[in-house]
Structures are given as structure tokens and as C-alpha cells.
Novice: 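First the structure, then my questions, so here it is.
Every number for a ligand or one of its atoms is a count from 1 in the order of the listing.
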Amino acid sequence: LTQRNVLIKIFSCEEILATFREEIAEDLAIIQGTDEQQAILDQIDSELDKTYMTSTDSLAGKGEEDNEFINKDNIVSSSLRQNEPAIAKSLIAEKQMRTFGNEATYIFDKNGNKVFENLWGTTHEVNLEGGKISGNTVTHFHLSGGTFSEKDITRLVTFNGAEFRATTESGITYSMRRGDNAHGSIVGAYNKAMKSIRKDADSYALKNSSTAETFNILKNTKIKQDANSWLVDNASKYGYIYTIESTEV
Ligand SMILES: [Zn+2]
């Protein structure tokens, strides 16, 4: 039995474990954590996922605004699906969340009833109740912009959500919906793709930047751009419907 397993057994009270998890996550966001620390976090996540709260996050820190790097030809109007009750409620929630200084989330059932809300996430992460996701529409705010993170796609699939939505300050909202032939293997495929996208973005930014500030902007923008392209090209292969909406069109 590893030290980690013992710790998790001791922290059997879920609320204490959730608090402990938040502290580790915050530390890891500031420092470049070791693989071992990341593994502890992942293990706590899977323990908490089973019964209590789960969390989701965004892809990367601040970069260019989403409407600067997203191909306009791929964007549809946010109002297209407003006759669906869950979408009508999501659009109102998204307008509100875009004014926030932290991540936030709402979950609506297909009749548009709110089944969960958490308006107090951090700058890059927000907790939500895993058990409320099944069959429902989860919308959340990415303060730092960008499309779905690896965690977003994992939570959508693992908890069998009908749709995940991520709105950004620019008015662009990303949507991922389960189609008739949805296949869970999208999780592994996206995680794998993101590993190489993150690595490539790192060397791209190193080559093309002269200061730490431009390095981060270039790297974060490249991650978001390539993640979006991957989802545009591949979501339908796994039976998912990926769309990019804007309040401006
Ligand atoms: Zn997210």
C-alpha cells in the first residue's frame, strides 16, 4: 500500500477530501508539479467523482481573444437553438457568467429546470456535482477563454451528459453534444491529441517569442487554436456534434 493510498483512506470524509484536493490543485496551478503530485490529484479526483463533487477546468491561461483566432466560417448564431428550453436557459446564464472574474457553472435538465449551480469557481477551475450531469446540459464559463479542456470532454462522457457548453468573454460559446452513435473512445483520443498539441505549442512559442509574456500568449493561443481544430475535424468521428456559437452573428 503506497503512502498515497493510506492518505486517501484516512481522508474518508468527502468534504475534507474535497478541501484537501482544492489546496493541492491551487498549489499545482502555481508551481510546475511533479508527476507524483499530479497522480495524487488524479486519484483524489476519481475518489470524489464516484459520490460527491467533481471538477472541470479550462485549457490554458490567457491568450488572444477567441474571436481573434477562430475561423469565422465555422461560427453559427447562438440564437439558432433557443427554442430548446435547456439552451434558452443556458444563453441567459452564459450572458451573466461572461461578466464574472472567476469560472462558474449551471446545469439544466431538458425542460430548462436548473438542477445545479456553482458561481464560485477559481480563475481556471469550477466544481460541479457529477451525479447531476447525466442527460443534462452543463454550461460553464472559461475566464481565460478557449474550447473544452481534456477534463471537460472526460466529464461529458464519463457522466453521460447530453451537452457541455463553455462560454468565453469574447461572446464565443463552444458546444459539444452527444449524437446517436456517441462513442466514449473520444476521451482517450482527445487526451492523446492534446498531449502532442501542448508539446508542439511549447516549441512553437519558444521559437517565436522574445519575452516571457509573449511566450505565454503565443503558447496559450496556439493550444486553444489547435484544440478547437481537432474538435472541428474529429468530434463527428466519435458521434459527437461540435459547434461554435457567437452572440455577434
Ligand atoms: Zn471547461
Novice: In plain terms, say whether Glu163 and Arg178 are close enough for a salt bridge, that is, a side-chain N and a carboxylate O under 4.0 Å apart.
Specialist: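 No salt bridge links Glu163 with Arg178.
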Novice: Any salt bridge (Lys or Arg N to Asp or Glu O under 4.0 Å) pairs touching residues 194-203, not counting sequence neighbours?
Specialist: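 As it turns out, the salt bridge (Lys or Arg N to Asp or Glu O under 4.0 Å) pairs with a partner in residues 194-203, which skip direct neighbours, are Glu150-Arg198, Asp202-Lys219.
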Novice: Grab the two heavy atoms, one from Thr221 and one from Gly63, that are nearest each other, plus how far apart they are.
Specialist: OG1-CA, 3.5 Å
Novice: Provide the full list of salt bridge (Lys or Arg N to Asp or Glu O under 4.0 Å) pairs with a residue in residues 54-67, sequence neighbours left out, each pair given once.
Specialist: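 Residue pairs with at least one partner in residues 54-67: Lys62-Glu169.
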Novice: Sorted by chain and residue number, which protein N/O/S atoms are under 2.8 Å from the Zn ion (ligand 1)?
Specialist: Asp57 O, His140 NE2, His142 NE2, Asp152 OD1, Asp152 OD2
Novice: With sequence neighbours excluded, give me every ring pair (Phe, Tyr, Trp, His ring centres under 6.0 Å) pair touching residues 170-215.
Specialist: Tyr190-Trp230
Novice: Could you verify whether a donor N or O on one side chain and an acceptor N or O on the other, from Thr139 and Glu94, lie under 3.5 Å apart?
Specialist: yes
